[in-house]
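Report on the structure given below.
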Amino acid sequence: MKLRLMSDVLSETKIKFVLKTKLFGKRIYAFWSIGSTNDFAYRLAMQGEDEGALVIAEQQERGRGRKARVWDSQFGKGLWLSVILRPDLPSSNAGLIPYLAGVSVSRAVEDLTGLQPEMKWPNDVMLNNMKCCGVLSEVNFKNGKIDFIILGIGINVNHEAGEWSDEIDKIATSLRIEKNERLERADLLAEILFQLEQAYDDVKKNGFGQLLDQWKKRCPVFQQNITILQEDKKISGTFINLDEKGCLLLKGEDGKIKKIVAGDLLV
Ligand code: BTN
């Protein structure tokens with residue numbers, strides 16, 4: 001126990017020791033500090049790196065969130081990781097891949113902590129209405145097909161309250177804050193990749209139907225009235241479903257259904 005606590009750093013050796021996956025983590029690129037794990041993984045994939053490679057860092061100097069936002073990636077506090085996927089799926093399925101991450105992270109957190117994460121569209125994982133995990137999925141197409149997808153996942157694990165800027169502190173939480181105990185990041189990483197691999201195998205065989213059902217079950221505002229913020233425009237309606245590309249279907253008061261591709265959910 002003592003030894004594990006003393007070596008919290010996620011070295012390649014430590015990661016190999018805990019992983020229980022065949023594909024994810026087949027190659028491991030573990031960094032002390034990096035610009036962004038997504039950027040590094042993207043470059044690797046462009047150079048032909050195989051599916052399953054994992055890029056992980058103790059700290060990101062330029063961690064990126066959705067919509068070119070900065071992702072706070074403090075040293076040793078969270079899991080900042082990217083995996084390379086090369087799915088043999090129709091290009092129209094690319095927008096569904098982030099749902100894999102949300103559901104897998106949620107299952108892993110539930111199994112290890114007993115906490116019950118909730119989903120916030122498009123792909124945030126929430127605890128107590130505060131964000132503990134974000135997903136940044138970046139796709140490269142070649143000849144109209146998916147060449148690769150970089151699935152980037154950031155999870156706030158061992159932050160304590162007040163360790164972010166005031167602005168982030170209002171909207172973010174960590175597993176440690178919610179569980180009131182420090183977590184072993186290596187165990188969480190192993191469980192997330194395990195859940196991700198199972199879910200990935202399943203969608204390749206059976207399609208995304210069951211996965212999206214799982215996501216909807218964990219989304220408290222599914223089939224409720226919601227408001228989406230798009231730049232400076234607000235759109236309200238009932239969240240009636242997700243479509244086959246992962247877009248949110250919103251039924252307005254006039255009964256018309258709008259397809260929402262991107263935006264921020266205000267609840
Ligand atoms: C969001 O909610 O805005 C998405 C956040 C995604 C953050 C992760 S951390 C690992 C990977 N590398 C990055 O630069 N971003 C993603």
Side-chain angles (χ1 to χ4, degrees), residues 10 15 24-25 28-46 49 53-85 94-95 97-106 108-109 117-127 129-140 148-159 163-165 167-175 185 188-189 192-193 196 215 218-219 228-231 246 248 261-267:
L10 295 169
I15 296 170
F24 295 133
I28 298 168
Y29 297 85
F31 292 91
W32 191 256
S33 183
I34 200 171
S36 151
T37 56
N38 260 42
D39 293 347
F40 190 85
Y42 201 97
R43 285 197 295 274
L44 283 178
M46 288 297 279
E49 178 67 62
L54 166 73
V55 181
I56 186 160
E58 291 295 324
Q59 160 188 312
Q60 295 184 114
E61 285 145 35
R62 289 178 302 282
R64 294 189 292 109
R66 287 193 308 119
K67 299 182 163 181
R69 291 175 184 141
V70 172
W71 181 260
D72 185 298
S73 320
Q74 297 173 40
F75 189 93
K77 296 285 175 184
L79 289 175
W80 324 127
L81 66 106
S82 305
V83 286
I84 299 178
L85 307 182
I97 293 291
Y99 292 96
L100 271 180
V103 171
S104 303
V105 167
S106 172
V109 168
E118 293 181 331
M119 302 296 153
K120 181 174 175 186
W121 191 83
N123 32 55
D124 295 348
V125 180
M126 313 290 287
L127 285 168
N129 284 324
M130 307 279 261
K131 180 162 168 172
C132 67
C133 166
V135 176
L136 181 67
S137 170
E138 298 179 297
V139 192
N140 186 58
F148 61 81
I149 299 180
I150 306 302
L151 187 58
I153 304 177
I155 306 164
N156 302 330
V157 184
N158 282 324
H159 303 70
E163 286 193 308
W164 293 283
S165 65
E167 198 191 340
I168 300 177
D169 218 35
K170 282 186 212 130
I171 52 167
T173 192
S174 73
L175 304 188
R185 287 179 307 145
L188 182 63
L189 171 68
I192 288 170
L193 293 181
L196 195 62
W215 188 96
R218 290 167 189 266
C219 171
I228 303 269
L229 180 67
Q230 284 182 324
E231 274 133 52
L248 185 152
V261 180
D264 289 308
L265 189 88
L266 304 173
V267 180

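Just the heavy atoms: all of them, side chains too, but no hydrogens, waters or symmetry mates, feed the values below. Numbering of residues begins at 1 and proceeds along the displayed sequence. None of the values given here were measured: they were computed from a predicted structure. Atoms within each ligand, like the ligands themselves, are counted from 1 in listed order.
The backbone of Val135, and not its side chain, has at least one atom closer than 4.0 Å to an atom of ligand 1 (non-hydrogen atoms only; backbone = N, CA, C, O). Using a 4.0 Å cut-off between heavy atoms, Ile153 contacts ligand 1 through its backbone alone, with no side-chain atom that close. Heavy atoms of Arg69 found under 4.0 angstrom from ligand 1: none, in either backbone or side chain.
At under 3.5 Å, not a single nitrogen or oxygen of Trp80, backbone or side chain, sits near a nitrogen or oxygen of ligand 1. Polar contact check, Ser36 against ligand 1: a nitrogen or oxygen pair lies under 3.5 Å apart. Polar contact with ligand 1: absent for Trp71 (N/O pair, distance under 3.5 Å).
When side chains are defined from C-beta on, Trp215 does not count as touching Pro98, because their heavy atoms never get closer than 4.5 Å. Put simply, the side chain of Ile15 reaches to within 4.5 Å of the side chain of Leu54, judged on heavy atoms.
With Gln60 contributing its side chain and Thr37 its backbone, the two residues share a donor-acceptor pair below 3.5 Å. A donor-acceptor pair is defined here as one N or O able to donate and one able to accept, closer than 3.5 Å; no such pair exists between the side chain of Ser174 and the backbone of Asn156. Gln59 places no side-chain N or O within 3.5 Å of a backbone atom of Trp32 that could act as its donor or acceptor partner. Between the side chain of Arg66 and the backbone N or O of Leu136 there is no donor-acceptor pair closer than 3.5 Å. Without hydrogens or angle criteria, Tyr99 side chain to Gly246 main chain gives a donor-acceptor distance under 3.5 Å.
Between Arg66, Gln60, Glu61, it is Arg66 that holds the heavy atom closest to atom 1 (C) of ligand 1.
Interface of Leu81 with ligand 1, defined as ligand atoms under 4.0 Å from a residue heavy atom, comprises 10 (C), 11 (C). In summary, the atoms of ligand 1 found under 4.0 Å from a heavy atom of Thr37, numbered by their order in the structure, are 10 (C), 11 (C), 12 (N). Listed by number with element, the atoms of ligand 1 under 4.0 angstrom from any heavy atom of Gly63 are 14 (O). Per-residue contacts place Arg64 under 4.0 angstrom from the following atoms of ligand 1 (heavy atoms of the residue considered): 5 (C), 6 (C), 7 (C), 13 (C), 14 (O), 15 (N), 16 (C). Close approach to Gly65 involves these atoms of ligand 1, each under 4.0 Å from a residue heavy atom: 1 (C), 3 (O), 4 (C), 5 (C).
The closest side-chain donor-acceptor pair between Gln74 and Asp72 falls under 3.5 angstrom.
Using 4.0 Å as the threshold, Lys131 has a heavy atom nearer than that to some atom of ligand 1.
Within 6.0 Å of the CG atom in Asn129, the count of heavy atoms belonging to other residues, nucleotides or ligands does not exceed 12.
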